[in-house]
Structure formats: C-alpha cells, structure tokens
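Before any comments, here is the structure.
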Amino acid sequence: MKLIRIFSVLCLALLFLNFAAKQETKPTVYTVGDSTVKNGNGDGKGGLWGWGDYIGQFLDTTKVTVSNHALGGTSSRTFQDKGLWLPIYNKLKKGDYVLIQFGHNDDGPLNDNSRARGTIKGIGEETKEIDNMLTGKHEIVHSYGWYIRKIVKEAKSKGAIPVICSPIPRNDWKNGKVPRNNESYGLWAKQIAQQENVTFIELNDKMAIEMEKLGEAKVTGTYFYKRDHTHTSAKGAVLSSSVIINELKQSNNSLKNYILENPKIVLPAKKKVFLIGDSTMADNKNEMAIGWGVAFPTYCDTTRITVINKARGGRSTRTFVSEKLWDAVKNQLEPGNFILIQFGHNDAGAIDKEKFRGSLKGNGDETQEVVRDSLTETVHTFGWYMEKFIREAKEKGAIPIVLSQTPRNEWPNDKVERRADMYGAWSKEAAAKGGAYYIDLNEIVALKYETLGKEKVKAFFPKDHTHTNFEGANLNALSVAESIKKIKECSLKDYIEIPIK
C-alpha cells in the first residue's frame with residue numbers, strides 16, 4: 001500500500017513537471033506601444049481600449065500567451081528611457097513574439113518640462129544632446145527609426161520574432177477619406193521593417209480602408225468617440241486587431257500558425273440603467289407628453305450602457321408596487337446596474353377612491369387599510385415605498401439614484417413652484433436613509449425655467465402644466481445627465497456624455 005502511494009506521488013510530480021515544461025516553452029506574444037495598444041490599465045476606463053487588449057481573442061491562447069506591455073503617453077524613446085522595455089527584454093526567449101507600434105507621441109517636443117517624449121523625424125543616425133527639462137538628466141535623443149531598430153535588434157538577439165506595425169489612423173476625415181501617415185511614421189516603420197527583414201503590418205492604411213468602407217457617420221460614436229479622435233472604443237480595438245490578424249495571415253510570420261480559424265470575440269458587457277417613475281419620465285407615445293427618459297439616452301454612451309425605461313404613466317410609488325411593475329424590474333436587476341427612481345406627481349391622489357393611487361404623506365411607518373374589489377390593501381407612506389425601491393435594488397447589487405420630481409409649469413409670485421417641502425423633501429430623506437445618491441431635479445430645472453422665462457417655458461407644456469414636449473423633455477434629460485456627471489463617487493458619470501457647447 002505504501003509503495004502504491006509513493007508511485008502515485010511520483011506520477012503526479014512527473015505530470016506537474018511536464019506541465020511546467022510545456023508552460024516554459026509556450027511562446028509569449030508581447031505587445032509594446034502607446035495608448036492605442038493599451039489605454040490606461042487596459043480595463044476600458046472611459047470606454048477606451050487598445051488593440052493589444054483584444055488581439056489575444058484571435059489567437060489560440062492554449063498554445064501562445066499574450067502579454068500587453070504598452071503604456072499610454074509613451075513614444076518609441078520614452079518607452080525605453082522609462083525602463084519599460086528592459087524587463088520584457090530580460091524575459092524574452094527564443095520563439096517569443098514582439099509586436100511593436102509607436103508614432104502617435106513621437107511627434108512631440110524633444111525637450112520640455114511637460115513630457116519631453118519627441119524623437120528626431122526619420123530613420124537616420126542623427127542625434128541631439130539635451131539636458132532633459134523633465135528628468136534633469138543629460139540625454140542623447142535619436143531618431144524614431146533608431147529607437148524602433150533598437151527594439152528589433154535586441155528582440156532578435158534573444159531569438160524572439162519582432163513584428164512592426166504602423167500606427168493606427170486617427171479618426172480625422174477629409175472629403176470622406178481618412179488621412180494616412182504613409183509619409184511619416186507609417187513610412188519610417190515600414191522602412192525599418194524592410195531593412196531589418198522583419199514582418200511589417202500596414203495597420204495605418206489597412207485600418208483606414210476599413211473605416212472608409214464603414215463611413216464617417218458609423219465610425220464616429222461606434223469605433224471612435226466624438227470626444228476623442230485617437231483612441232478606439234472596444235469595437236475600434238477589435239477592428240485594429242482584425243486588421244493585424246488579416247495581415248499576419250498573408251505573411252510568412254510563424255505567428256499566423258496560432259490564429260484561430262473561427263475566433264469568438266467577446267466585447268465588454270453593457271451596463272444597464274433602469275428608469276422607474278411616472279409619465280414625466282415615461283415613453284408615453286404622445287408628442288405632447290414626452291417623459292425625459294425618452295431623451296436621456298442621448299446623453300449616454302450607448303455603446304457601453306443600455307437605458308431601459310420602465311417608467312409608466314399614471315403611476316405612483318404605491319401603484320408601481322401593487323401592479324407588480326416593481327417586481328418585474330427588480331427581477332431584472334443585476335450587480336452593477338443603475339436604477340433612477342423618480343415619483344411624486346401621482347402620489348398626492350386619493351388613497352381610498354377613484355384611481356386608488358395615493359400614498360400616505362411623509363416617510364413614516366404609518367399605514368392605512370383600503371378595501372377595493374373585496375381585497376384589503378395596506379397603503380404605506382411615500383417614503384416607505386421609496387425606501388423599499390432603494391433597499392431592494394441594493395439587495396440585488398444595483399446602484400440607486402433618487403430624483404425629486406420635475407417641476408410643473410406653475411409660477412406663484414413669478415417663481416416656479418417647488419413643492420420642496422413635500423415630495424422633494426421626502427425623496428431626499430428616503431435617499432439618505434437608504435444610502436442612495438440624490439439629485440434635486442426639481443430645484444435644478446426650476447432654476448433653468450426661471451432663467452428662460454415664462455413665455456419660453458410655456459412652449460414646453462403644450463398639453464397641460466405637468467407634461468412636456470420633446471424640447472422640455474430634453475432640457476430635463478440634460479439636467480439629469482449634468483447632475484449625474486457631478487456625482488464624483490457614482491461610476492455612472494463615466495458613461496454620461498455632455499455635448500460641448
């Protein structure tokens with residue numbers, strides 16, 4: 001029995017050693033470059049991704065490892081001067097690959113007290129001696145080509161296989177065409193690849209061609225953002241990666257042996273934003289009564305979040321619960337979702353007759369029994385229902401944001417009526433009790449109305465004093481977006497896009 005146990009241990013040890021040996025010989029694909037290869041920490045902050053974050057999905061990672069070492073803000077010079085290349089070089093082994101892409105930052109100043117990252121244009125041997133204003137060190141600055149060549153030669157010295165890519169194009173358009181950099185960094189990258197006899201990926205021109213096939217309107221806002229013409233979204237990073245992969249397939253580079261025949265590309269899951277409330281938020285299918293939730297997606301990055309408007313006209317906090325509308329939303333909530341909660345316009349209705357939608361005033365625990373259709377309903381306070389939404393949303397891992405109700409077009413004493421001491425105050429108290437974010441939308445919009453004046457605001461309310469047309473709904477939606485943007489602790493702000501005026 002003892003011999004059997006010893007034999008089993010030896011077998012396991014041999015299996016482990018065999019696995020470790022295979023891992024040691026498994027090639028690694030290193031990517032080096034700037035923020036278009038890896039943006040930030042490579043976690044998609046702000047919706048920005050580099051192609052180095054997605055190229056691994058095109059490769060058989062059971063046979064090859066992908067390691068993205070690019071760093072935003074670096075040039076071919078500073079990537080090496082900062083010591084970022086050295087640890088890669090030290091780890092390189094025969095059969096590894098190094099994908100190289102620089103150029104976006106090489107055009108900056110050679111010496112300044114801000115970044116000091118520029119390189120001499122071209123691929124020559126000329127140099128310039130500087131006392132670096134940023135680092136305080138004496139430095140010899142070389143050409144762009146010299147720095148690229150240095151990485152290539154050092155990679156080859158370790159038996160690794162370098163691949164040079166021209167920089168991805170910027171999302172700039174002229175007469176329906178994307179400008180190339182084939183007379184500058186794209187050209188110089190190609191020349192070094194030819195001189196060093198390594199694979200060159202014409203990423204700049206080939207990606208520009210694909211962008212032109214899609215058209216400016218589709219590319220902007222989907223593959224790039226309007227606010228940023230240099231850094232790609234997740235879809236843009238996948239596009240860059242696919243171009244590199246297609247170019248590799250047509251090359252003699254052995255990396256093509258690891259390309260998956262049918263890669264399954266997984267984009268980041270979209271966050272969900274649920275809206276619950278009444279007709280002032282809902283999609284009422286009525287041009288004279290448009291809720292602000294209809295316009296709200298205009299101010300969201302809908303490539304990364306989905307806005308789900310579950311607000312319903314005529315509902316109060318009470319009826320949203322009693323009609324099981326809340327249960328339907330709650331059952332869809334997942335960790336990391338957001339939920340915007342706004343009620344009050346209908347909660348002042350009758351409690352025990354007509355529409356049976358009124359809730360008790362305040363935030364207390366008092367109740368009232370109401371008999372309707374032979375059934376007894378226990379009616380709670382407005383605040384009790386609001387706290388229920390907040391508590392149960394948080395139990396599902398969602399992030400609640402409470403808003404006070406939109407103001408009506410009523411102007412006592414030439415000031416917009418606030419009602420801040422009622423539903424606004426109770427909403428705020430419920431948010432504080434439940435640990436939810438709070439936006440005093442009533443006050444924010446009222447101030448905007450007063451700035452615009454009665455006549456201008458009157459045009460927002462073609463039907464009655466409560467419901468807006470699209471222009472009014474858009475003003476309210478923008479106010480919500482601006483308010484969310486100001487909540488530093490709330491991550492939803494990262495998905496809000498306010499147009500530059």
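Residue numbers start at 1 and run along the sequence shown. Just the heavy atoms: all of them, side chains too, but no hydrogens, waters or symmetry mates, feed the values below.
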**Message:** Tell me whether the count of non-hydrogen atoms from other residues, nucleotides or ligands lying under 6.0 Å of NZ in K45 goes above 12.
**Reply:** no
**Asked** Should we say atom CZ of R115 is surrounded by more than 12 heavy atoms from elsewhere, each under 6.0 Å from it?
**Response** no
Hey, can you tell me if [X] and [Y] have their rings parallel, tilted or perpendicular (30° and 60° cut-offs)?
| X | Y | answer |
| --- | --- | --- |
| Y449 | F460 | tilted |
| W49 | Y54 | perpendicular |
| Y423 | W426 | perpendicular |

For the student: nearest non-hydrogen atoms of [X] and [Y], plus distance:
| X | Y | answer |
| --- | --- | --- |
| V29 | L255 | CG2-CD1, 3.7 Å |
| V266 | Q57 | N-OE1, 2.6 Å |
| V370 | R318 | CG1-NH2, 4.2 Å |
| A481 | Y299 | CB-CB, 3.6 Å |

**Request:** Measure the shortest side-chain to side-chain distance between E471 and K456 over non-hydrogen atoms and say whether it is less than 4.5 angstrom.
**Result:** yes
**Item:** Note, K206 side chain near N246 side chain (heavy atom, < 4.5 Å)
**Value:** no
Using atom types as modelled and distance alone, determine if a side-chain donor or acceptor of [X] lies under 3.5 Å from a backbone N or O of [Y].
| X | Y | value |
| --- | --- | --- |
| S240 | G236 | yes |
| T317 | M386 | no |
| K394 | P400 | no |

**Request:** Would you sort out whether K226 and E497 count as a salt bridge (Lys or Arg N to Asp or Glu O under 4.0 Å), showing the intermediate values?
**Result:** CA-CA 10 Å; K226 293 178 183 178; E497 295 186 339; over 6 Å; no
**Request:** Apply side chain to side chain contact (heavy atoms under 4.5 Å, CB included) to L360 and H380, showing your working.
**Result:** CA-CA 6 Å; L360 299 179; H380 299 268; 5.9 Å; no
**Ring center gap for F320 and Y385 short of 6.0 angstrom** = no
